[in-house]
There are 2 protein chains.
Amino acid sequence: MKNSPDSPTKHAETPSTSKQASRQRLQDDPCSVARALSDVGDWWSLLIVRQAMYGTRRYVDFQQQLGIAKNILGDRLSRLVENEVLKKVDVGEHGQRFEYRLTPKGKDLFTVLVALRQWGDRWNRRDDEAPLRMVDRRLGQPLQNIQVLDAEGQPVGINDVLSLPR
Amino acid sequence: MKNSPDSPTKHAETPSTSKQASRQRLQDDPCSVARALSDVGDWWSLLIVRQAMYGTRRYVDFQQQLGIAKNILGDRLSRLVENEVLKKVDVGEHGQRFEYRLTPKGKDLFTVLVALRQWGDRWNRRDDEAPLRMVDRRLGQPLQNIQVLDAEGQPVGINDVLSLPR
DNA sequence: GCAATCTGGTTTCATTTAGAAACCTTAGTC
DNA sequence: GACTAAGGTTTCTAAATGAAACCAGATTGC
């Protein structure tokens, strides 16, 4: 309850300079992890990409399958298009029809999503759920666990790497 | 679920039932990707984990290195502890000293972070930046690109897998 | 012994964002 | 020409974020 005797001003002398959101600040971060997160680092974006990988392409389908508010979905889709993770394709024949399809950049998130899924399966498994559901088309068998490998193909963990400071 | 077309009230007859945030709803999602995101799916959590992998352990260091507001940092750290990604260790000898260290679950996010970093390096590269900085300790050479492999070790892409619906 | 300092927070308040529902627009369909 | 569907935008409220102020326990400095 002590009020310091000097500063009478409440706070915030410079309310500007904050640009916009974390996204903006991450966008120019020197670390590529931060920049990756500025593309897909919020609650919904990766879920939209996951859904796209399952084959979802249309606005209404994303909306219903994810249970996301329409305005937020619109915002996320346009940001993903802007960041070239999705592309918006006009397939209008009868009625207004657009499809949001994964770009190569978006498809390349496959690795990230599989890594995240496997991590979730390892550590947040739920007993009422089968642990794996993704199988490859050729063999019909579960995928291998994703690993980080060194130049010779040996698996490495967090303690085996040096992050050379720039 | 659907509101019958008569109700003339503006909106929100039941302002409750929304629990809290997306986190809460994702927590019980049947998809492990969603549950993984409920642990580390916001703007800051993965950056905190990344920083922890670089060796950061103390509150003030996280705060300064990430430029995160202290209240947000406190919230994220306690949530990460709650989700068993970090553990809070009292190392108090002189003064108040705590360390936030990665748990095995947290260390296992290494794969996800490397996947994300490599994706960022591939698609959001900045010209003023060396493309890779992580080398393994044993060979001193860059790591391999992370791949998704089938049971026989062949790389598979998004179009080569079937996601068996549960 | 007492003020200054360091660490690790919590509180307060203004700004942003998310979310729900209503509304709008274009284009078929009946 | 009314109705429906897709694909949004607008409006409004609730919640999260962020900056700075404040606080408390222990330690050093004197």
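Lettering follows sequence order; numbering is per chain, from 1. As the structure is a prediction and not an experimental result, all values here were calculated from the model.
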Student check: side-chain heavy atoms of B:Asp108 and A:Gln118 closer than 4.5 Å: no
Pairing residues for A:Ser78 by the side chain to side chain contact (heavy atoms under 4.5 Å, CB included) criterion, not counting sequence neighbours: none
Any residue meeting side chain to side chain contact (heavy atoms under 4.5 Å, CB included) with B:Glu82, in chain and number order, not counting sequence neighbours: none
Length of the line joining B:Trp44:CH2 and D:dA16:P, which is rounded to integer Å: 18 Å
Minimum-distance nucleotide to A:Arg58 side chain [options: C:dA18, C:dT7, D:dA6]: D:dA6
side-chain N/O A:Lys88 vs D:dA6 OP1/OP2, d < 4.0 Å: no
Test item: A:Ser45 and A:Leu80 side chains (from C-beta on) under 4.5 Å apart, heavy atoms: yes
Lys NZ or Arg CZ of A:Lys88 over A:Tyr100 ring: under 6.0 Å, within 45°: no
B:Asp75 CG - C:dT11 P separation (whole Å): 13 Å
A:Gln63 CD to A:Ile48 CD1 distance, which is reported to the nearest 0.5 Å: 11.0 Å
Distance, rounded to the nearest Å, where B:Phe98 contributes CZ and D:dA24 contributes P: 16 Å
Gap between atoms CZ and P, on B:Arg57 and C:dT7 respectively (whole Å): 17 Å
Euclidean distance, atom CG of residue B:Asp42 to atom C1' of D:dA16 [Å, nearest integer]: 11 Å
Spacing of A:Arg97 atom CZ relative to D:dT4 atom P, expressed in whole Å: 17 Å
Residue pair A:Leu143 / B:Val161, side-chain heavy-atom distance below 4.5 Å: yes
Neighbours of DNA chain D within residues 59-72 of chain B, by heavy-atom distance under 4.0 Å: B:Ala69, B:Asn71, B:Ile72
Spacing of B:Arg76 atom CZ relative to C:dG8 atom C1', expressed in whole Å: 18 Å
Side-chain N or O of B:Tyr100 closer than 4.0 Å to phosphate OP1/OP2 of C:dG9: yes
Test side chain to side chain contact (heavy atoms under 4.5 Å, CB included) applied to A:Leu139 - qualifying residues, sequence neighbours left out: A:Asp136, A:Gln141, B:Asp150, B:Ala151, B:Glu152
Between D:dT17 (C1') and B:Leu47 (CG): distance, integer Å: 15 Å
Partners passing salt bridge (Lys or Arg N to Asp or Glu O under 4.0 Å) against A:Arg50 (at least two apart in sequence or in another chain): none
Contiguous Watson-Crick or G-U pair runs (3 or more, under 3.5 Å) in DNA chain C: C:1-30 with D:1-30
